[in-house]
Amino acid sequence: MHGVSVLGSTGSIGLSTLDVLSRHPERFRVVALSANHNVERLAEQCLRFKPELAVMADAQAAGRLAERLKAACPETRVLAGEEGLLEAAAHPEAQSVMAAIVGAAGLLPTLAAVRAGKRVLLANKEALVMSGQLFMDAVHAHGATLLPIDSEHNAVFQCMPTGFDQGLARVGVRRILLTGSGGPFRSLPLEQLPSVTPEQACKHPNWSMGRKISVDSATMMNKGLEVIEARWLFDAEPSRIAVVLHPQSVIHSMVEYLDGSVLAQMGQPDMRTPIAHALAWPERMDSGVSPLDLVAQGRLDFEAPDLGRFPCLGLAYEALNLGGTAMAVLNAANEIAVAAFLDGAIRFTDIAACNEAVLRACTGGQAETLEGVLAADAEARRRAGEWLKCR
Ligand code: NAD
Ligand code: MG
């Protein structure tokens with residue numbers, strides 16, 4: 001039995017992961033589950049999967065969970081806070097860890113899984129965006145196996161030749177082509193963008209996801225974060241990473257070779273495919289996703305992204321070129337701005353304006369130590385908070 005810890009088990013990726021795991025009870029065992037504060041959902045999951053460990057980031061919620069599970073599920077230990085999350089990430093009985101906490105809150109637990117030499121299934125792109133080189137150095141130093149869950153990176157991983165980690169040019173790869181749907185506002189008249197609501201922004205045309213990544217998809221900050229994610233996962237220079245809009249979300253990304261070949265990975269827009277791919281890798285197993293019907297699909301369209309409509313995508317390339325802590329700064333500003341937008345405190349177009357202002361204000365930090373990255377993250381959050389107040 002292959003033990004799996006699921007960090008962020010009550011979220012969109014967490015639920016899809018448990019769905020896939022439940023289809024293969026003879027193969028996988030859930031060792032640990034974690035959530036922020038949704039006691040009801042985590043309690044149901046514990047009753048169903050009987051993990052050794054359940055962790056709530058919120059201490060009061062952990063108390064309520066322990067109360068709920070005391071009689072009904074005595075085999076599950078309940079822990080709270082960061083220490084609990086680190087324990088779930090490094091649990092000795094977990095061979096694989098699904099890193100599906102959203103945002104910077106996932107950095108330390110995901111790094112703990114890496115440092116424990118686990119097979120790390122990375123959904124939490126913000127962790128890698130923030131700490132880039134440091135994260136990849138830890139993967140190599142601790143012999144961890146990093147498998148991308150983000151659909152684009154999972155697609156690229158599937159289309160890469162063996163040995164890609166020795167350098168893309170050496171294995172004949174010219175470019176990585178990340179596809180993106182363009183989100184709900186790809187063709188909305190520009191003058192309407194400032195007044196779109198959080199509900200409209202969270203209504204993605206093809207994917208069902210958590211609220212933060214849904215807003216990121218609407219601004220295309222998500223694609224920007226994914227360009228940075230690809231830079232680290234595949235050791236690719238920024239000039240080798242291109243973004244192509246593909247509104248149908250059937251091609252999940254592509255790899256272009258020196259000889260002109262372009263390999264694409266296709267499938268339904270359902271995260272259970274990359275999740276099952278990474279759980280079973282290097283084998284294949286059923287994910288519960290229905291087959292792709294290309295005839296019913298009919299057509300696939302492509303266009304270039306409009307950086308005027310989606311300034312956040314340009315900011316990501318700018319942060320990559322700045323290097324150091326610029327990527328952590330951009331990520332932190334964006335987390336603050338998206339939360340403010342979801343709270344109704346700012347307009348949709350303020351997200352990009354805030355990100356740009358904070359990125360330009362906090363340059364030059366070194367990202368060689370975790371302390372440096374966390375300090376840049378904190379400073380960017382403070383500046384973003386100020387920007388939002390003074391706007
Ligand atoms: P979500 O909001 O649905 O779920 C987030 C999970 O993290 C929940 O279980 C929540 O309890 C937990 N969490 C939130 N804040 C926390 C905190 N401070 N401490 C501990 N736990 C906390 O988000 P999601 O859509 O599942 O996305 C999760 C991650 O996967 C994100 O990094 C996202 O970018 C990435 N991702 C998601 C999708 C998708 O289809 N949903 C696709 C690609 C990548
Ligand atoms: Mg993605």
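By convention here, the first residue in the shown sequence is residue 1. Just so you know, ligand 1 is whichever comes first in the structure, and atom 1 is the first atom listed for that ligand.
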Ligand 1 contacted by G14 (non-hydrogen, < 4.0 Å): no
Within the structure, is a non-hydrogen atom of I213 found at a distance of less than 4.0 Å from ligand 1? yes
Ligand 1 contact on K212 by region, counting heavy-atom pairs under 4.0 Å: neither
Under 4.0 Å, heavy atoms only, figure out whether ligand 1 is touched by the backbone of M209, its side chain, both or neither. both
[X] vs [Y] side-chain heavy atoms within contact, under 4.5 Å:
X	Y	value
V173	F164	no
N222	K125	yes
E40	N38	yes
R272	S16	yes
I275	S287	no

Would a distance-only check, ignoring hydrogens and angles, find a side-chain to backbone donor-acceptor pair under 3.5 Å from N355 to L330? no
Protein N/O/S atoms closer than 2.8 Å to the Mg ion (ligand 2) number 3
Within the 4.0 Å heavy-atom shell around [X], which atoms of ligand 1 are there?
X	answer
A123	30 (O), 32 (O), 35 (C), 36 (N), 44 (C)
T10	8 (C), 9 (O), 10 (C), 11 (O)
A35	11 (O)
A57	19 (N), 20 (C)
I13	26 (O), 30 (O), 37 (C), 38 (C), 39 (C), 40 (O), 41 (N), 42 (C)

Check the pair E52, R77 against salt bridge (Lys or Arg N to Asp or Glu O under 4.0 Å), reporting the backbone distance first and the verdict last. CA-CA 6 Å; E52 314 268 313; R77 225 163 27 106; over 6 Å; no
Using the ring centroid of each side chain, check whether F234 and F157 are separated by less than 6.0 Å. no
Best match, S9, S12, S217: closest heavy atom to atom 24 (P) of ligand 1: S12
Taking all non-hydrogen atoms of both residues, which atom of R175 and which atom of A242 are closest, and how far apart? NH1-CB, 3.7 Å
Heavy-atom count around R170 CZ within 6.0 Å, excluding the residue itself: above 12? no
Please determine whether the number of non-hydrogen atoms from other residues, nucleotides or ligands lying under 6.0 Å from atom NE2 of H2 exceeds 12. yes
